[in-house]
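Down below is the structure, laid out as structure tokens.
When a residue number appears, it is its place in the shown sequence, counting from 1. Remember, predicted model here, so these are calculated numbers, not experimental data. Because only heavy atoms are used, hydrogens play no part in the values below, and waters and symmetry mates are left out as well, while side chains stay in.
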Amino acid sequence: MSAETMLLLVLGAVAVIVAVRWVAEHTGLPAAALLTLLGIAYALLPGPNVSLDPHLVLTLVLPPLLYSAALDASLGAIRRNLRTVVSLSVLLVLVTAVLIGAGFALFVTGATLAAGIALGAAVAPPDPVAALSVGRRVGLPPRLITLIQGEGLLNDATALTLLTVAVGAAQGEGFSTPAAVGEFVIAAAGGVVAGLVVAYGVRPLRRLRRDPLSSNAISLATPFVAYLLGEAVHVSGVLAVVVAGLVIGHNAPYWTSGASRLQTDAVWRLVDFLLEGIVFLLIGQQLPTVIRGLGQYDTSTIVVAASITVGVMLVVRPLWLLLTESLPRSLHTRLGGQDVREGGVEPAESDRLTIREIVVLSWAGTRGVISLAAIFTLPVVTDSGAPFPDRDLLLFCAFLAVLVTLVGQGITFAPLVRALGCYADQADEARLRNQARIAAAEAGLARLEVMQSEEHDDVDEQALVTLRAQLRTRLDRYRTRLDVLNAAEGGDIPLSPTYEAALRLRRAVIGAQREELLRWRDAARLPDEGLRILERELDHEEGLLPARGR
């Protein structure tokens, strides 16, 4: 494929991604499902197509996506729910893979247990991108967001490690449970260590270079450094990326500047937008590849293999969640916070997921590009030179699993959440934010009081008085908003005519200022460089304005 053709494909992909984003915003349909369907439609048309290179995906696409998700995740919330996250991202992945492998060995003619487990390892880990994008838009409770995030961040390491063991067994090396467990423990522990090394190694670099451009460049390079370090020492590079992202995201507010955070966040949002869009388009375009080799199989064999793969994947997840919720309290894997009963240590009933939450979390298990990239890494031949057992059948089953969950569950996820009424308490979240704003403003006033008591001149005194007045005005506004939120009922954020009017007026004033600056520029009274500086000031001022109700 020529460079010009590749460039046209990239530009076309960007145009499609932007258009689908617009359609998704105006229809409520998930962009991931729409992009996948468009990728399938393009694959059926004559013309150049793009084949998925699994090593390229695992090396260049997966690290930045995982790192960005880890930066946005809450290390504290994942730590509080660690047992649940481990249950979903390790135990559930292993159970799903083993059951699919056993199903293949028992019911698919000629299939081996190792080949079935390899397929199971590929399709077992959910890709939370589609579910999280919809979940945030419809307002899922923070606990479910945390569980989906935590599971999606850690399950890839489990799946890829298990896939390596299963492929080795399928190639004739044999399967040893103690060896497999030991390999998994070493890969996981080594990945954690590699991630910590990168996280704390990057910290002094970013302290030395605090300007936004240098900080941003270091941030973009960090996931690739973590992944390459993990792979170089033969441990989980995926887990190294996740751990580095979680630690850096948790500690970065202590040592990064506000300007660096603003620019880095904007860049990562763009990276996510483009990479995720291209990934979902690529998934659809693999249809010709996965159906090309099915001619050698009987229809009954294909149907049985596909049914086992999709059936186990869809059924085991809700059953696993129901099982863990039904365990006695002494063994119960808590799916939620760390609240305890008053005067005791047992978890409160509210810590357990409700049936509605279990249904939502079960339906959030959409598979994605990791499953396809993993299954495409299967070797064409074994060490003996024989064809890898049922490779074409495994590719088809993995593609079907991704298609069923990404399109089927993706399109129905938002309607399901709305039908079940599984929403976050928006008023409670807004109340907490305003309490934090009040605490921050009071801390600022306390610091001014300390500075007031120190030696200063009249100029400093005037500055102190002005700043104190601004903080008190802000504090009064926060307290008024908190009083309105405390009176809210039903979990919805109440409308405050005064608050909404103030926001509307402030935005109108900023708009008028922008228009006047443009008139100055057009009249040659203000150079473009000056316009950009002043526009940036207004942009930051507008960025400080809260969205409705926050």
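Between the side chain of T324 and the backbone N or O of L321, at least one donor-acceptor pair lies under 3.5 Å. For the pair T158 (side chain) and S89 (backbone), a donor-acceptor distance under 3.5 Å is present. With R356 contributing its side chain and L420 its backbone, the two residues share a donor-acceptor pair below 3.5 Å. Within the 3.5 Å criterion, the main-chain N or O of L282 finds a donor-acceptor partner in the side chain of Q286. Side-chain N or O atoms of R391 include one that pairs as donor or acceptor with a backbone N or O of F376 at under 3.5 Å. Between the side chain of N155 and the main chain of V93, no donor-acceptor pair closer than 3.5 Å is present. At least one donor-acceptor pair under 3.5 Å links the side chain of S371 to the backbone N or O of A122. Between the side chain of S68 and the main chain of L65, no donor-acceptor pair closer than 3.5 Å is present. In this structure, the side chain of R367 engages the main chain of A124 through a donor-acceptor pair within 3.5 Å.
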Q. For W268 and Y67, what are the C-alpha separation, side-chain angles and deciding distance, and is it a side chain to side chain contact (heavy atoms under 4.5 Å, CB included)?
A. CA-CA 10 Å; W268 276 115; Y67 184 75; 3.5 Å; yes
Q.
Between L58 and T377, does the side chain to side chain contact (heavy atoms under 4.5 Å, CB included) criterion hold? Intermediate values first, please.
A. CA-CA 10 Å; L58 293 177; T377 61; 4.0 Å; yes
Q: Take T412 and L416 through the test side chain to side chain contact (heavy atoms under 4.5 Å, CB included) and record every step on the way to the result.
A: CA-CA 6 Å; T412 57; L416 177 69; 5.6 Å; no
Q. Can you check side chain to side chain contact (heavy atoms under 4.5 Å, CB included) on L71 and D265, steps first, answer last?
A. CA-CA 10 Å; L71 289 177; D265 289 346; over 6 Å; no
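Between P30 and I411 the shortest side-chain heavy-atom distance falls below 4.5 Å. The shortest distance between side-chain heavy atoms of V198 and V202 falls below 4.5 Å. Considering only heavy atoms from C-beta on, L353 comes within 4.5 Å of L144 through its side chain. No side-chain heavy atom of R521 sits less than 4.5 Å from a side-chain heavy atom of L517. L538 has its side chain within reach of E541: a pair of non-hydrogen atoms, C-beta onward, lies under 4.5 Å apart. Between F224 and V241 the shortest side-chain heavy-atom distance does not fall below 4.5 Å. Residues I148 and L140 have side chains in contact (heavy-atom distance under 4.5 Å, counting atoms from C-beta outward).
Between the OG1 atom of T309 and the CG atom of L394 there is a distance of 8.0 Å, given to the nearest 0.5 Å. Atom CG in L34 sits 6.5 Å away from atom CG in L38 (nearest 0.5 Å). A distance of 10.5 Å separates OH in Y42 from CG in L281, rounded to the nearest 0.5 Å. From L294, atom CG reaches atom CD1 of I302 across 4.5 Å, with rounding to the nearest 0.5 Å. Once rounded to the nearest 0.5 Å, the distance linking CG of L66 with CD1 of I370 reads 6.0 Å. With rounding to the nearest 0.5 angstrom, the CG atom of L322 is 5.5 Å from the CD1 atom of I355.
Between D539 and R514, at least one side-chain nitrogen of the basic residue sits less than 4.0 Å from a carboxylate oxygen of the acidic one, meeting the salt-bridge criterion. Taking a cutoff of 4.0 Å between a charged side-chain nitrogen and a carboxylate oxygen, R292 and D392 do not qualify as a salt bridge.
Within the structure, every pair that satisfies the salt bridge (Lys or Arg N to Asp or Glu O under 4.0 Å) test and touches residues 313-324, not counting sequence neighbours, is listed here: E151-R317. The salt bridge (Lys or Arg N to Asp or Glu O under 4.0 Å) contacts involving residues 17-34 comprise R21-E25, where partners must be two or more places apart or lie in separate chains.
The minimum heavy-atom distance linking L314 with Q409 is given by the pair CD2-NE2, 3.8 Å. Shown here for G150 and I78, the closest heavy-atom pair between the two residues is CA-CD1, 4.1 Å. Scanning both residues, C422 and P141, for their nearest heavy atoms gives O-CD, 3.5 Å. The two residues G284 and F399 come nearest to each other via the heavy atoms O-CZ, 4.4 Å. The two residues A373 and V57 come nearest to each other via the heavy atoms CB-CG1, 3.8 Å. Shortest non-hydrogen contact noted between P63 and P223 is O-CB, 3.6 Å.
Checked options I278, I40, V369; the residue passing with I283 is V369 (criterion: side chain to side chain contact (heavy atoms under 4.5 Å, CB included)).
Using modelled atom types, one finds no donor on one side chain facing an acceptor on the other under 3.5 Å when comparing N81 with T146. Side chains of T96 and W320: no donor on one and acceptor on the other come within 3.5 Å.
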